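Report on one structure; see the data block that follows.
Since the model is a prediction, treat every value here as computed from it, not as a measurement. For the single chain, residues carry numbers from 1 onward in sequence order.
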Amino acid sequence: MRWITAILLVVVLHGCKKLEVDIGSLNTNPFDNDHTGAQFIRVDSVKCFPLGQGALHQQRLYIGLDPQLTAENDFELRLIELTVPDTTVYSNIADGATSVVLLNQQVTLGTEYCYLIDLKVGGGYLRNHRLNHCAVAEL
């Protein structure tokens, strides 16, 4: 009887042992706001194109997307142009696309335009995948 009691006591005490968790290392999920790894989005290039005759030009931002993000198909890319207030562009992303073009419709050559580019995934914006990017409008 004592053996059974001793075995049960050992099993109970061993089952209550808690493992130490390193909270600082729990940042491997790229959708978590504390993730410190690679970005889902990057600006590959910025180019300007004339819009017909005159001084109207369009600035195009070519954005590369991580394939892990595009596999989800539940995201939206937002571009906020900071130079001109209240200018926001939402992207139309095809399923599985790994790149997208965001357009700033009317720019003046020689002027620097700054953008905040971020991702909305599952109803919320990812703070750790935001980009601030500035580019001078030039041909």
Can you see which heavy atom on Ala137 is nearest to which on Val107, and at what distance?
CB-CG2, 3.8 Å
Got a sec, which residues hit salt bridge (Lys or Arg N to Asp or Glu O under 4.0 Å) with Arg60, two or more places apart in sequence or on another chain?
none
Nearest 0.5 Å please: distance from the CD atom of Gln58 over to the NZ atom of Lys47.
13.0 Å
Nearest-0.5 Å distance that lies between atom CD1 in Ile63 and atom CG in Leu102:
5.0 Å
What are the two closest heavy atoms between Val46 and Ala135, and how far apart are they?
CG1-CB, 3.8 Å
Return the minimal non-hydrogen interatomic distance between Asn128 and Pro30, and the atom names on each side.
ND2-O, 3.8 Å
Show every donor-acceptor pair shorter than 3.5 Å between a side-chain atom in residues 113-126 and any protein atom, with sequence neighbours excluded, or say none if there are none.
| residue | atom | partner | partner atom | Å |
| --- | --- | --- | --- | --- |
| Tyr113 | OH | Thr108 | N | 2.8 |
| Tyr115 | OH | Gln59 | OE1 | 2.3 |
| Tyr115 | OH | Asn104 | ND2 | 2.9 |
| Asp118 | OD1 | Arg78 | NE | 3.0 |
| Asp118 | OD2 | Arg78 | NH2 | 2.6 |
| Asp118 | OD2 | Arg130 | NE | 3.4 |

A side-chain contact here means heavy atoms from C-beta on lying under 4.5 Å apart; do Leu82 and Cys134 qualify?
no
Which of these passes side chain to side chain contact (heavy atoms under 4.5 Å, CB included) with Leu61: Asp44, Leu79, Val100?
Leu79
Any ring-ring contact (aromatic ring centres under 6.0 Å, His included) pairs touching residues 37-68, not counting sequence neighbours?
Phe31-Phe40, Phe40-His129
Mark yes or no for whether Glu81, through its side chain, and Thr83, through its backbone, hold a donor-acceptor pair below 3.5 Å.
yes
Verify the cluster assignment for Ile80 and Val89: are they in a single hydrophobic cluster under the rule of side-chain heavy atoms below 4.5 Å apart?
no
